[in-house]
Amino acid sequence: MTLGLQIIIISLGFLLLAIILKATIQKKISESHALLWIVPCFLIILGGIFPQITYSLAEIFHTGYPPALVFALAIIISYLIVFQSFKQLSILSMRNKELASQIALLTEQVHTLKEELKETKSESLVNQEAALTKEGQTETPGEDSNDHEKKENT
Amino acid sequence: MNNELLIIIPAYNEEESIGKFLKHLKESDINSYADTVIINDASTDATAKIVKNLGFKLISHPYNLGYGAALQTGYKYAVTGNYNYVIQMDSDGQHDICNIPRIYDCLRKKNASGNPPDLVIGSRFLKDSKSFAISLKKKIAIHFFRRVIYTASHQRITDPTSGLQGLSRPVFEYYSDFGNFDNNYPDANMIVQMALLGYRIQEIPAVMHKREAGKSMHFGIIEPMLYMCIMLFSTFDVFVRYKWNLLPKPMNQKGGQKLEEK
C-alpha cells in the first residue's frame with residue numbers, strides 16, 4: 001500500500017468519525033446508534049495505519065486476495081447495521097400504530113365530552129331562564145302591593 | 001355504554017357499500033341490544049361522511065394503519081366502554097347482519113362443560129351456512145391455513161380466514177393490550193395463539209355474500225402468496241413464543257384455566 005493511499009484512508013476514517021460525532025453532538029443520532037458507526041470508522045483508521053493487519057488476516061484465513069477480506073468485513077458490518085436499523089424500524093412502527101390508535105380514541109372521547117358539555121350548558125341555561133321567570137312571577141305580586149301602598153300614601 | 005354488545009366495523013374506502021350495509025343495520029332490531037362503532041382507517045373517500053350522516057359512532061385514524069390496527073382500536077374502545085361482547089364484521093356487506101344475533105347467542109350460551117365460548121367464528125363451510133362460490137386460489141389458501149392451525153394447535157377450524165368473529169370480554173381485553181394482537185396481519189396466527197393460550201374457540205354456520213363493490217385485501221397472485229408466507233412465519237413465531245413461555249399471559253385467568261390443565 002502506498003503512503004498516499006494510506007493517508008487518504010486515514011483521512012477518510014477521521015472525516016467519517018467527525019461527521020458521526022457532529023451528528024451525535026447535534027442530537028441527530030443517538031449515542032447507541034452512533035456507536036454502531038464509530039466502530040467501523042476505527043477499523044478504517046486502524047486498517048490505514050497498519051495495513052499489514054489485512055495481509056496477516058488474509059494469511060490466517062488463506063485468502064489469496066487480501067482486499068476481499070476487507071470487502072467481506074465491510075459487507076458483514078453493513079448487514080448488521082441494516083438489520084439493527086430494521087429492528088428499530090419495526091419497534092417504532094408498532095409504537096407509532098399504538099399511539100395513532102390512542103389518538104383516534106382520545107379524539108372521539110373529546111368529541112363526546114364536548115357534545116355532553118354543550119348539552120349540559122344549554123340545559124343549565126334553560127334552567128336558569130326558568131328560575132328567573134319563576135322569580136319574576138313571585139316578585140310581581142309584591143311589587144303590586146308596594147305600588148298600592150305608595151298610592152295610598154300619596 | 002347502553003348495551004353489553006358492541007359491533008366493530010373497520011372501514012377503509014368503502015363509500016360504495018358501507019351506506020347500504022349500515023342502513024340495513026339501522027333498520028333492524030339489532031340496535032335495541034347492540035351498539036355499533038365504525039373504525040374509519042383514514043379513508044380518502046366519503047366513508048366517514050356517510051357514517052356520520054347515518055348517525056353511527058365513528059372513530060377515525062389520523063392516517064392509514066391497516067385492518068388489524070383498526071380492529072385493535074375497536075377492542076380498546078370496547079374495553080373503555082365496558083362492553084361484555086364484541087362482534088367484528090366487514091363493512092363491504094359480505095357478512096349478513098343475520099349473523100349478529102346468532103353469534104351473540106352463541107357467545108352467551110354455555111356448552112356441555114358449562115362454559116360459554118370465548119371466541120366464535122362465523123364459518124362458510126359448516127352445514128346450514130350460506131356463501132358465495134369461492135375461487136380456487138382462496139380454497140387452496142383456506143386448506144393451507146386449516147392445516148397450519150391444526151398442526152400448531154390441534155384445533156379444527158373450517159374457515160380460518162373468516163373476518164366475522166364474536167369475542168367475549170377476556171379475549172378482546174387481551175387483544176387490546178399493546179403487543180398482544182397482530183395489528184398487521186391478524187388471521188390464522190391469532191387463532192393459533194388463542195387456542196394455545198386456552199381460550200375456547202367455536203365455529204357456527206354463517207351467511208355471507210359476494211362483495212358487490214370495492215377491492216379485496218388479497219387480490220392478484222404475488223400478494224396472496226406473500227401473505228401465506230408471512231402468515232406461516234407468523235404462526236411459527238406464535239408457536240415458538242408459546243413453547244418458550246414468551247407469549248403475554250391473560251390478565252384474568254379465564255383463558256388460562258385450560259392452560260394450567262395442560
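So that the names make sense, note that chain A is the first sequence line, chain B the second, and so on, each numbered from 1.
- Within 6.0 Å of CZ on A:Arg95 lie no more than 12 heavy atoms contributed by other residues, nucleotides or ligands.
- Using a 4.5 Å cut-off between non-hydrogen atoms, no part of residues 46-54 of chain A approaches chain B.
- Side-chain contact between B:Lys57 and A:Thr112 is present, with at least one heavy-atom pair separated by less than 4.5 Å.
- For the atom pair CD of A:Gln109 and CD1 of B:Ile59, the computed distance is 8.5 Å after rounding to the nearest 0.5 Å.
- Looking at heavy atoms from C-beta onward, A:Glu98 lies in side-chain contact with B:Lys76 at the 4.5 angstrom threshold.
- For B:Ile39, no part sits under 4.5 Å from any heavy atom of chain A, backbone or side chain.
- Residues A:Ala104 and B:Ser60 share a closest heavy-atom pair of CB-O, 3.3 Å.
- Looking at A:Ile103 and B:Tyr63, their side chains never come closer than 4.5 Å, going by heavy atoms from C-beta outward.
- Interatomic distance, OH of B:Tyr77 versus OG of A:Ser101, reported as 13.5 Å (0.5 Å rounding).
- Around OH of B:Tyr33, the count of heavy atoms belonging to other residues, nucleotides or ligands within 6.0 Å exceeds 12.
- With rounding to the nearest 0.5 Å, the separation of CG in B:Leu58 from CD in A:Glu108 is 8.5 Å.
- Listed here is the closest heavy atom pair of B:Ala69 and A:Lys97: CB-CD, 4.3 Å.
- With rounding to the nearest 0.5 angstrom, the CG atom of B:Asn184 is 6.5 Å from the OG atom of A:Ser93.
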